[in-house]
Number of protein chains: 2
Amino acid sequence: MAQSLGISVPQEAPDATRPGKAESILAAAERTFLERGFGAVSMDTIAREAVASKATVYAHFASKEELFGAVVARVSERRFGAFSVDALDPREVAASLLTIAQRFLDLVLSPEAIALNRVIIAEVPRFPVLGDVFWEAGPARSRAQIETFLRRAVAAGTLAIPDTRLAADQFVALARGELHLRQLLRPQGALKPEIVSEAARNAVSMFMRAFGIRS
Amino acid sequence: MAQSLGISVPQEAPDATRPGKAESILAAAERTFLERGFGAVSMDTIAREAVASKATVYAHFASKEELFGAVVARVSERRFGAFSVDALDPREVAASLLTIAQRFLDLVLSPEAIALNRVIIAEVPRFPVLGDVFWEAGPARSRAQIETFLRRAVAAGTLAIPDTRLAADQFVALARGELHLRQLLRPQGALKPEIVSEAARNAVSMFMRAFGIRS
DNA sequence: GTCTATAATTGGATAGAC
DNA sequence: GTCTATCCAATTATAGAC
């Protein structure tokens with residue numbers, strides 16, 4: 001579906017041993033779009049940053065919108081594709097949840113993820129497919145990963161959860177807390193690690209109070 | 001502080017019995033900015049929508065940025081200024097929390113609030129003061145209101161909460177759940193009331209499980 | 001204060017040479 | 001594929017009349 005709408009990372013040239021223009025155009029577009037947003041970046045700027053002519057940019061991407069879509073798809077995949085909780089032990093449930101929360105927050109609060117969120121939220125009314133691409137790569141994926149872990153913990157007898165899907169959403173919501181929205185609305189650059197760790201601990205603490213097995 | 005940066009709602013004319021141009025310009029700017037975003041709206045469009053000339057628009061607002069700031073300040077105050085939980089009974093804690101969650105969600109998930117969030121998130125890197133204006137009128141205010149209620153409930157002996165400020169943040173986070181971010185990333189117009197009610201119930205249910213007094 | 005008309009700039013996209 | 005040069009439309013902002 002995404003491809004039919006022009007949202008795809010274009011093919012490398014057959015001899016893709018070194019970057020090449022297409023790659024440097026994408027890299028320049030990624031930098032500038034994430035930093036300044038779709039509307040504030042011109043194709044002139046991207047061409048200059050990529051050390052290419054505007055005509056070359058248009059030879060690779062039919063329009064500014066298509067280039068933007070390619071950037072969103074690329075960053076979404078690269079940034080969120082690796083989130084996994086497979087290696088964690090459901091018997092050490094509190095420690096594992098803390099690791100999950102910490103990893104999740106490091107991911108979604110990273111300056112790159114915040115910038116990506118920002119440009120998508122800004123442009124999704126005009127380009128709805130961007131929201132779908134990101135949602136599947138990001139929130140839907142991490143929710144699924146976390147739900148899988150919760151199921152394993154229930155099976156291991158370390159958590160008592162009636163609805164694991166709902167609980168996964170709640171865990172994510174607690175972890176985000178106010179920090180995520182705050183970074184979107186009042187960006188402070190990178191947050192202090194202590195702040196993030198405390199948010200992770202608070203989320204796990206409340207989650208365990210609600211769903212932990214009392215012994 | 002906001003005023004020193006040009007973010008303020010301009011004075012009405014002394015005889016402010018009927019709208020006047022300034023008001024119709026603000027109204028037109030509000031409609032178009034919230035609908036299409038800062039970058040996609042031109043001063044021509046605003047002037048046309050306000051049935052005024054562009055020169056008149058500039059007679060009231062020195063720049064497009066200033067007009068945008070005035071719109072954000074105005075909508076933030078108007079939309080979030082009325083959120084209050086004073087009338088709720090802390091002895092009927094579950095019912096009161098459900099009312100709070102429902103009101104809160106009706107507010108933050110309303111199409112206007114989502115649109116406001118969207119334009120602020122998009123432009124806050126260029127106009128940081130917008131985030132401050134909104135944060136104080138919106139999230140900070142509702143958090144304070146909710147924390148006040150939680151304190152009253154603790155005093156009434158219906159909730160056991162070690163840190164009411166943290167708990168207020170957690171309550172808000174649980175209420176938002178995935179719905180708020182989802183509306184920002186994959187707007188679906190207005191949500192079905194049943195979906196919102198269920199989110200409110202789920203938030204209260206988990207909150208009570210963590211902080212309710214067991215009897 | 002309000003208007004018409006226009007200045008000055010910028011931005012998306014393309015033609016044609018190599 | 002890549003470049004230079006350019007077209008054309010849109011945009012912010014202002015000058016000058018009333």
Side-chain angles (χ1 to χ4, degrees), chain A residues 6-7 9-33 35-72 119 122-123 126-127 130, chain B residues 6 9-33 35-72 119 122-123 126-127:
Chain A
I7 306 275
V9 181
Q11 310 296 328
E12 283 292 315
D15 55 346
T17 48
R18 61 176 186 182
K21 285 288 182 195
E23 172 56 31
S24 85
I25 291 167
L26 264 176
E30 186 181 313
R31 255 180 293 132
T32 51
F33 279 143
E35 189 180 330
R36 287 180 250 169
F38 179 78
V41 172
S42 72
M43 292 296 257
D44 277 293
T45 301
I46 293 170
R48 200 182 328 123
E49 288 271 321
V51 196
S53 73
K54 227 174 7 164
T56 300
V57 175
Y58 277 98
H60 286 273
F61 301 92
S63 67
K64 187 182 173 186
E65 285 78 6
E66 186 180 313
L67 177 53
F68 185 59
V71 165
V72 168
V119 295
E123 301 302 334
R126 280 197 292 168
F127 313 124
L130 298 183
Chain B
V9 181
Q11 311 295 330
E12 283 293 313
D15 56 344
T17 49
R18 60 172 188 188
K21 285 289 182 196
E23 172 56 31
S24 86
I25 289 167
L26 265 175
E30 185 180 312
R31 254 180 294 131
T32 51
F33 279 143
E35 189 179 331
R36 288 179 250 169
F38 179 79
V41 172
S42 72
M43 293 294 257
D44 275 295
T45 301
I46 293 169
R48 202 182 327 123
E49 288 270 323
V51 196
S53 75
K54 233 186 339 178
T56 300
V57 175
Y58 278 98
H60 286 272
F61 301 92
S63 67
K64 188 182 173 185
E65 285 78 7
E66 186 180 313
L67 177 53
F68 185 58
V71 165
V72 168
V119 296
E123 301 302 335
R126 281 196 293 169
F127 313 125

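Quick caveat: nothing in here was measured; it's all calculated off a predicted structure. Throughout, a chain's letter reflects where its sequence line sits, starting with A, and its residues are numbered from 1.
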(request) For R31(B), check side chain to side chain donor-acceptor pair (under 3.5 Å) against everything at least two apart and list the hits. (result) E49(B)
(request) Output all residues satisfying side chain to side chain donor-acceptor pair (under 3.5 Å) with T56(A), sequence neighbours left out; order by chain, then residue number. (result) S53(A)
(message) Students should find this one: the first and last nucleotides of DNA chain C, 5' to 3', lying under 4.0 Å from a heavy atom of chain A. What are they?
(response) dG11(C) to dA15(C)
(message) Going by side-chain contact (heavy atoms from CB on, under 4.5 Å), name the residues that satisfy it together with A29(B), two or more places apart in sequence or in a different chain.
(response) F33(B), I46(B), L67(B), V71(B)
(request) Mind checking side chain to side chain donor-acceptor pair (under 3.5 Å) for K54(A) and listing every partner two or more places apart, or none if nothing turns up? (result) D44(A)
(request) Identify the two heavy atoms, one from I25(B) and one from H60(B), that lie closest to each other, and give their separation to 0.1 Å. (result) CD1-CD2, 4.0 Å
Any protein N or O atoms within reach of nucleotides 8-12 of chain D? Criterion: under 3.5 Å, listing atom names and distances.
unit_1, atom_1, unit_2, atom_2, d
dT12(D), OP1, K64(B), NZ, 3.0
dT12(D), OP2, M43(B), N, 2.9
dT12(D), O4, K54(B), NZ, 3.3

(request) Return the set of residues passing side chain to side chain donor-acceptor pair (under 3.5 Å) with R36(B) (not counting sequence neighbours), or none when no residue passes. (result) none
(request) Can you sort out the partners of F127(A) under ring pair (Phe, Tyr, Trp, His ring centres under 6.0 Å), two or more places apart, ordered by chain and number? (result) F38(A)
